[in-house]
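Here the structure is laid out as structure tokens; the discussion comes afterwards.
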Amino acid sequence: MYGKSDPKWPAIVQQWKATQQALAAKLRIVPLRPLPRFVAGADAAFSENRRSVLAAAVVYDRLERRIVEIARACRPIEFPYVPTFLSFREGPAVLEAVGKLRHPWGAICFDGQGYAHPRRCGLATHLSILLDRPGVGIAKSRLIGTFVDPPPQAGSRCPLMDGDEQIGLVLRTKDGTRPLFVSIGHRVDLESAAELALACVGRFRIPEPTRQADLEVSRLKRALAGSVTSPMMPPGRLSQ
DNA sequence: GCGACAG
DNA sequence: ATCTTGTCGC
């Protein structure tokens with residue numbers, strides 16, 4: 001895996017910035033209406049040995065409130081985590097999982113920022129543009145931007161600002177819980193993104209597409225960990 | 001220079 | 001993301 005100490009690192013980061021700027025130039029902002037019935041969701045995690053990126057993509061049926069398809073992917077980790085360049089680390093695995101989805105979906109939710117990024121190209125925007133499909137960024141915490149805490153009621157929101165430009169929304173999805181940071185990915189507008197996020201909320205703070213993808217990637221992680229038994233351990237499931 | 005910093 | 005037990009609250 002590449003590292004910050006690699007002599008090629010500065011060049012790699014410059015290339016990444018150029019890539020993000022080129023992608024952001026292709027961003028299209030349009031309303032997403034009506035909101036799609038089938039919404040995809042994707043998330044990533046690390047394999048137990050931390051040498052691979054595991055990803056899961058799901059398709060959520062808003063009408064029946066259930067997951068109708070699950071896809072997975074596993075790829076070697078090629079880069080360390082560097083703030084503002086998350087998509088280069090997790091993107092490949094996530095894209096592979098999304099590509100395996102066969103059921104139709106009208107929009108996809110990503111676990112991270114979209115437009116609310118220094119170069120307006122967070123993971124959600126980066127991947128949505130590569131897919132050229134409607135996408136939304138739903139992050140659990142802030143990367144950049146200033147805001148005032150929204151009221152404790154579910155549905156309340158406050159603008160996420162970068163100077164005088166609104167880059168996203170701080171949205172409370174459940175009463176008395178920490179708000180989420182919603183921003184557009186691609187082919188949606190901020191209001192549609194907020195409505196989609198709220199329309200996908202079930203019993204928990206995190207909208208179902210992203211929450212289910214997270215649960216699924218965790219299961220994959222455990223499954224892989226259990227299948228790779230250490231040579232120094234007796235057969236069977238003694239480790240739990 | 002110092003602090004911040006999605007997952 | 002991940003490390004980690006109990007514990008506060010619905």
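Quantities reported herein were computed from a predicted structural model and do not represent experimental measurements. Order of the sequence lines sets the chain letters (A, B, ...), proteins ahead of strands, with each chain counted from 1.
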Please determine whether a side-chain nitrogen of the Lys or Arg among [X] and [Y] lies less than 4.0 Å from a carboxylate oxygen of the Asp or Glu.
X      : Y      : value
A:D214 : A:R219 : no
A:D43  : A:R211 : no
A:R72  : A:E216 : yes

Linked, directly or transitively: A:I108 and A:F38 (ILVMFWY side chains, under 4.5 Å): yes

message: Please tell me whether A:I129 and A:I184 are part of a single hydrophobic cluster in this structure, the criterion being side-chain heavy atoms less than 4.5 Å apart.
response: yes

- prompt: Is it true that the NZ or CZ of A:R37 lies under 6.0 Å from the centre of A:W105's six-membered ring and within 45 degrees of the ring axis?
  reply: no

statement: Apart from A:F85 itself, its cluster of hydrophobic side chains linked below 4.5 Å comprises A:Y2, A:W9, A:I12, A:V13, A:W16, A:F79, A:V82, A:F88

Could you give the distance from [atom1] ([X]) to [atom2] ([Y]), rounded to the nearest 0.5 Å?
X      : Y      : atom1 : atom2 : result
A:H126 : A:L23  : NE2   : CG    : 5.0 Å
A:Q21  : A:R119 : CD    : CZ    : 6.5 Å
A:R142 : A:L160 : CZ    : CG    : 8.0 Å
A:L143 : A:L86  : CG    : CG    : 9.0 Å
A:S192 : A:R187 : OG    : CZ    : 14.0 Å
A:Y60  : A:C200 : OH    : SG    : 6.5 Å

message: Strictly under 4.0 angstrom, non-hydrogen atoms only: write out the protein contact profile of nucleotides 4-10 of chain C, one letter per nucleotide from the 5' end, B, S or -.
response: -------

field: Close residues, residues 200-216 of chain A, relative to DNA chain C [heavy-atom separation under 4.0 Å]
entry: none

task: Show your reasoning for whether side-chain hydrogen bond (donor to acceptor under 3.5 Å, both in side chains) applies to A:H186 and A:D132.
output: CA-CA 8 Å; A:H186 179 53; A:D132 197 24; 3.3 Å; yes

Contact under 4.0 Å: A:K221 side-chain N or O vs C:dT2 OP1/OP2: yes

task: Give the dot-bracket string for DNA chain C, reading 5' to 3', where a pair is Watson-Crick or G-U wobble with both distances under 3.5 Å, ( ) marks pairs inside the strand, [ ] marks pairs crossing earlier ones, | marks a partner on another strand, and . marks unpaired.
output: ..........

field: salt bridge (Lys or Arg N to Asp or Glu O under 4.0 Å) between A:R51 and A:E78, intermediate numbers included
entry: CA-CA 9 Å; A:R51 309 216 310 180; A:E78 300 188 71; over 6 Å; no

task: Send over the distance from A:I77 CD1 to C:dA1 P, rounded to a whole Å.
output: 13 Å

Please list, pair by pair, any protein nitrogen or oxygen found under 3.5 Å from a nitrogen or oxygen in nucleotides 2-7 of chain B.
unit_1: B:dC5; atom_1: OP1; unit_2: A:R142; atom_2: NH2; d: 2.8
unit_1: B:dA6; atom_1: OP2; unit_2: A:Y81; atom_2: OH; d: 2.7
unit_1: B:dA6; atom_1: N7; unit_2: A:T84; atom_2: N; d: 3.4
unit_1: B:dA6; atom_1: N6; unit_2: A:T84; atom_2: O; d: 3.1
unit_1: B:dA6; atom_1: N6; unit_2: A:F85; atom_2: N; d: 3.3
unit_1: B:dA6; atom_1: N6; unit_2: A:L86; atom_2: N; d: 3.2
unit_1: B:dA6; atom_1: N1; unit_2: A:L123; atom_2: N; d: 3.0
unit_1: B:dA6; atom_1: N3; unit_2: A:Q113; atom_2: N; d: 3.0
unit_1: B:dG7; atom_1: OP1; unit_2: A:K140; atom_2: N; d: 2.8
unit_1: B:dG7; atom_1: OP2; unit_2: A:S141; atom_2: OG; d: 2.9

field: Intra- and interstrand pairs of DNA chain B - dot-bracket, Watson-Crick/G-U under 3.5 Å, | marks other strand
entry: .......

